[in-house]
Amino acid sequence: GENVEQHPSTLSVQEGDSAVIKCTYSDSASNYFPWYKQELGKRPQLIIDIRSNVGEKKDQRIAVTLNKTAKHFSLHITETQPEDSAVYFCAGGGADGLTFGKGTHLIIQP
Amino acid sequence: NAGVTQTPKFQVLKTGQSMTLQCAQDMNHNSMYWYRQDPGMGLRLIYYSASEGTTDKGEVPNGYNVSRLNKREFSLRLESAAPSQTSVYFCASSRGTYRDSPYGYTFGSGTRLTVV
């Protein structure tokens, strides 16, 4: 089955700076890569996703890039704000549904 | 439009007790999933159902059973609860099936289960 590795586990950045979270996957058949944001005590919510026929996708301050050859994808958040503080999960879509990374706790320092 | 509804939100069980976690979606989604979330472990798939009448094991199925009652409802049963099953359980649904064209999941609000 699919195996998704996510780094770093904790990321602390100054407000206004950029944050980058990286994931790798193992199953070359995976064709769907979503990112979820989870605030403390709440459900994960989809923030952006990318399919394997696309290399990059942007939505305001958030962007995701995908390198199929290297089997890695990244989440980029620019101009970080206090409300960006949360745990972020990447996931890879294989034959058995989505496999999630272990999460990155993003801390925005004032 | 409630999305994905889970009940109960909180539950405390004694070791050996049984219970069923309920999940229902009103988005006419085909696929439904049960995940558990433990600190530092991310979300791990317990069981999934691509369509009404079908279920498949995920990464951590031991100690659990599921029923896809109809297109809307997907329940998770713990027959004999153990402390290792203390976790937060999330139900999710998606429009497409993972085999064909997966789509993003919509998650329920979760059930926080403690087994003592």
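No experiment lies behind these values; they were computed from the predicted model shown.
Residue A:Gln38 touches chain B through its side chain alone, counting heavy-atom pairs closer than 4.5 Å. Both the backbone and the side chain of A:Pro44 come within contact range of chain B, each with at least one heavy atom under 4.5 Å from a heavy atom of that chain. Neither the backbone nor the side chain of B:Val88 comes within less than 4.5 Å of any heavy atom in chain A.
Atom CD of A:Gln109 sits in a crowded spot, with more than 12 heavy atoms from other residues, nucleotides or ligands closer than 6.0 Å. Counted within 6.0 Å of CD on A:Gln60, heavy atoms from surrounding residues, nucleotides or ligands total 12 or fewer; the atom is thus considered open. Around the NZ atom of A:Lys22, the shell of radius 6.0 Å holds no more than 12 heavy atoms that belong to other residues, nucleotides or ligands. Other residues, nucleotides and ligands place more than 12 heavy atoms under 6.0 Å from the NZ atom of A:Lys37.
Here the closest heavy-atom approach between residue A:Arg43 and residue B:Phe90 is recorded as CA-CE2, 3.8 Å. Considering all non-hydrogen atoms of both residues, A:Leu98 and B:Tyr105 come closest at N-OH, 2.9 Å.
Near-neighbour residues of residues 107-116 of chain B relative to chain A, defined by a heavy atom under 4.5 Å from a heavy atom of that chain, comprise B:Phe107, B:Gly108, B:Ser109.
There is a path of hydrophobic side-chain contacts, each under 4.5 Å, that joins A:Val87 to B:Leu43. Note on B:Phe74 and B:Leu78: same hydrophobic cluster, where clusters join Ile, Leu, Val, Met, Phe, Trp and Tyr whose side-chain heavy atoms are under 4.5 Å apart, directly or indirectly. Taking hydrophobic clusters as Ile, Leu, Val, Met, Phe, Trp and Tyr residues chained together by side-chain heavy-atom distances below 4.5 Å, B:Tyr89 does not share a cluster with B:Leu45. Residues B:Leu21 and B:Leu13 share a hydrophobic cluster, clusters being chains of Ile/Leu/Val/Met/Phe/Trp/Tyr side chains in contact below 4.5 Å. By the rule that hydrophobic residues join a cluster once side-chain heavy atoms approach within less than 4.5 Å of another member, B:Ile46 and B:Tyr48 end up as members of separate clusters.
Taken from CZ in A:Phe89 to CD in B:Gln37, the straight-line distance is 4.5 Å, to the nearest 0.5 Å.
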